[in-house]
Amino acid sequence: MKDNPNYSYSLSKSGDVFIIRIRNVDNSSSAPSKVDISPVSCVKSLAKKNNNSDVRYIFTIKDCKVARPFTLAPAKGTAYRLVLDYIHNEKASAAVAKSNKNQNSNDIKKVNSSQNDKIDTAIPLKEYERKLFIEYSTVSKDGIRSMNAKNAVIYNQKINALRNDYELAANQKNKSKKETVAKVDDSKKNADVEEEVKETIAPPVPVKATPISRPFVISVDAGHGGKDPGAIGKRGVKEKNVTLAISKALVNYINSNPKFRGNLVRSRDIFIDLDKRSDIARKRKADLLISIHADSVESGSSTARGASVLVLSENRAQRENGKLLKNKKDSKKLIGGAGEVMDQSVGNPYLATAILDMSSTNSRSEGNLLAKEILSSLAKFTHVRKTSPIKASLAVLKAPDIPSLLIETGYLSNRYEEIQLNQPNYQKQIAYRIYLGIKSYYEKYPAQKIKSRVESYTRNQKLSGYKSVTVKKGDSLSLIAKRNKTTVSEIKRINSLKSDSLKIGQVLYIP
């Protein structure tokens with residue numbers, strides 16, 4: 001292969017079938033389908049199945065240890081190689097070794113003094129040889145050791161037996177070490193196999209529908225892209241690729257509903273500045289902005305997992321509103337009537353502030369409702385980290401005129417979820433569940449949503465002659481009325497209040 005192989009593997013519960021799936025194979029139809037299998041191999045048969053550019057190899061095995069695939073980097077002029085190392089398990093290895101051992105044992109016994117179990121390989125062989133030489137030799141008057149002919153024959157037999165025993169003891173020691181390491185490796189391999197994810201069943205196939213005259217427009221933002229890969233899992237899965245795949249699938253499902261029309265903020269691997277993403281959605285008259293991401297833990301911990309949905313925090317909303325109030329050019333671009341009314345409120349900063357606060361509060365409220373529906377839908381398919389929306393300070397959610405939310409589809413730092421998020425069918429299932437959440441939200445709240453926006457616009461037009469005040473700690477309707485020389489009933493009428501209770505931060509209009 002030209003590129004580093006993208007693959008996953010699994011072992012059947014019975015342990016007799018091992019499957020490896022290789023994705024995006026060049027000329028997959030011509031990929032090898034047969035191999036020569038030795039009669040003594042623990043691999044019994046091989047089958048190949050093609051699925052577009054993906055290739056699956058199905059191995060029937062017997063008495064095999066769990067295979068651990070690994071890749072070899074290409075040498076000059078070659079391609080990447082994917083290697084599967086199949087080894088007999090302990091039972092089968094013992095049977096093979098027994099026959100080989102029997103063939104050699106008779107020859108060894110002829111010169112073997114059966115001292116194998118008494119040899120300590122921590123002592124050098126030369127030390128044993130020296131002791132044996134001393135045993136069968138004598139020291140002459142000149143201090144030189146020598147052997148007679150009889151002892152020399154015995155010595156030669158003993159020295160050969162010693163060397164054979166020493167070699168056998170060393171081999172036995174090495175074998176014990178390897179078996180200990182193998183047990184640890186096997187436990188890791190088995191853990192990895194148990195961690196592998198079965199291929200997710202594909203959701204219904206979306207069929208593009210002709211939209212109604214004024215469809216509900218949804219912009220889908222695939223997080224990161226281009227020079228910004230986002231999070232990268234231990235297997236090399238990049239967030240930017242996962243988010244684009246899920247976003248494309250989500251837009252396909254959105255466009256299968258005639259009441260909806262979806263579009264992609266980015267449709268390819270390019271980088272778009274965070275501040276521009278909501279601007280792109282605004283230019284496309286989006287009713288919703290959904291940003292797709294995949295989470296990660298910086299510490300590298302693989303225990304964190306699950307999907308979550310994030311919405312804009314109130315503090316970040318207030319900061320962004322402050323920036324817009326200073327930049328009249330940007331505030332004119334706001335959709336939903338807010339931009340038009342703010343443009344007409346020149347000279348009345350209180351009205352501009354109130355309009356923007358109202359639009360922002362309305363959008364965040366709708367975003368929360370949508371987030372809850374999507375979380376409920378995702379929870380029926382996968383694990384969710386939090387069952388309620390998480391408030392966060394994120395630039396992509398800052399639009400005060402477009403309900404916006406960010407969906408973390410899982411953790412790439414989690415080895416299990418990294419495998420899932422890299423599966424095409426799992427990506428489609430996530431997209432399908434998000435779509436069902438959008439659909440549920442639209443079916444539950446359309447009248448409320450439209451009424452809220454229309455009332456907001458109409459009310460803004462009517463309140464052009466009023467000033468606004470923000471409720472602070474200790475305020476009450478009577479104190480505010482007295483401070484502004486009006487009455488409680490008049491404030492309640494103008495603001496459509498049904499009770500005297502107020503909330504800190506609430507905006508009221510004063511005649």
Side-chain angles (χ1 to χ4, degrees), residues 1-11 19-25 53-54 56 66-73 80 82-84 188-200 221-250 266 268-271 291-310 378 381-386 390 392 394 396 406-431 433-434:
M1 297 182 69
K2 295 179 181 178
D3 300 319
N4 200 349
N6 180 359
Y7 65 90
S8 62
Y9 57 92
S10 62
L11 181 70
I19 302 173
I20 185 164
R21 175 184 178 185
I22 311 172
R23 299 183 179 84
N24 303 320
V25 178
S53 63
D54 291 359
R56 292 189 188 192
V66 179
R68 177 82 175 200
F70 60 92
T71 57
L72 294 177
Y80 280 93
L82 178 60
V83 180
L84 277 76
K188 290 181 179 178
K189 289 173 186 176
N190 289 332
D192 285 343
V193 170
E194 289 173 3
E195 185 186 70
E196 295 303 319
V197 185
K198 291 183 179 180
E199 184 64 34
T200 305
D221 168 47
H224 306 278
K227 64 182 182 181
D228 176 17
I232 301 177
K234 292 180 180 179
R235 288 174 170 83
V237 178
K238 296 179 180 178
E239 182 179 2
K240 68 174 183 178
N241 297 332
V242 171
T243 60
L244 185 58
I246 293 175
S247 297
K248 286 181 175 180
L250 176 55
R266 73 171 178 95
R268 52 196 176 93
D269 187 17
I270 59 172
F271 175 76
S291 187
I292 304 297
H293 285 256
D295 218 333
S296 182
V297 179
E298 290 184 7
S299 64
S301 169
S302 62
T303 57
R305 67 187 186 101
S308 54
V309 181
L310 288 73
L378 284 171
F381 166 68
T382 189
H383 176 74
V384 294
R385 180 185 163 209
K386 297 284 186 180
I390 301 170
L394 300 170
V396 74
L406 184 148
I407 302 174
E408 297 283 8
T409 54
Y411 278 80
L412 285 175
S413 55
N414 183 295
R415 298 177 67 190
Y416 183 85
E417 289 193 339
E418 181 187 4
I419 297 169
Q420 287 182 316
L421 289 169
N422 199 39
Q423 288 185 352
N425 283 348
Y426 188 86
Q427 294 166 351
K428 292 174 185 176
Q429 279 283 12
I430 289 288
R433 300 295 164 166
I434 295 172

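Heavy-atom basis, side chains included; hydrogens, waters and symmetry copies ignored.
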If only atom types and distance count, is the side chain of D269 paired as donor or acceptor with the main-chain N or O of G226 below 3.5 Å?
-> yes
Check the surroundings of atom CZ in R305: do more than 12 heavy atoms from other residues, nucleotides or ligands lie under 6.0 Å from it?
-> no
Any residue meeting side-chain contact (heavy atoms from CB on, under 4.5 Å) with D228, in chain and number order, not counting sequence neighbours = H224, F271
Distance in Å, I292 CD1 paired with L406 CG, rounded so as to fall on 0.5 Å steps = 8.0 Å
Reported CD1-to-NZ distance for the pair I430 and K428, which is rounded to 0.5 angstrom = 14.0 Å
Sequence neighbours excluded, the answer for ring pair (Phe, Tyr, Trp, His ring centres under 6.0 Å) partners of Y411 is none
With a 3.5 Å cut-off and no angle check, do the side chains of Q429 and T200 form a donor-acceptor pair?
-> no
Does N241 have any side-chain contact (heavy atoms from CB on, under 4.5 Å) partners at least two apart in sequence or in another chain, and if so, which?
-> K238
Judged by atom type as modelled, is there a donor-acceptor pair below 3.5 Å linking the side chain of E408 to the main-chain atoms of S308?
-> no
Side-chain touch Y426/T382, heavy atoms, less than 4.5 angstrom | yes
side-chain contact (heavy atoms from CB on, under 4.5 Å) with R21: which residues, sequence neighbours excluded?
-> S8, R23, D54, R56, E199, P424
Distance (rounded to the nearest 0.5 Å) between H383 NE2 and Q420 CD = 11.0 Å
Under 3.5 Å, side chain of S247 to main-chain N/O of T243, donor-acceptor pair present?
-> yes
Would you say the side-chain atoms of E418 pair up with the backbone N or O of V237, donor to acceptor, closer than 3.5 Å?
-> yes
Does any N or O in the side chain of R268 come within less than 3.5 Å of the main-chain N or O of L244, such that one atom is a donor and the other an acceptor?
-> no
Interatomic distance, NZ@K234 vs CG@N414, rounded to 0.5 Å, equals 9.0 Å
Of the non-hydrogen atoms in D295 and A231, which two are nearest, and what is the gap between them?
-> O-CB, 4.5 Å
Please identify each residue that fulfils side-chain contact (heavy atoms from CB on, under 4.5 Å) with A245, with sequence neighbours left out.
-> Q427
Just how far is it from atom CD of E239 to atom CG of L412, taken to the nearest 0.5 Å?
-> 6.0 Å
Please confirm whether the backbone N or O of S291 pairs with a side-chain atom of D221, one donor and one acceptor, at under 3.5 Å?
-> no
Between CD1 of I246 and CD1 of I407, what distance do you get to the nearest 0.5 Å?
-> 9.0 Å
S296: what forms a side chain to side chain donor-acceptor pair (under 3.5 Å) with it, not counting sequence neighbours?
-> none
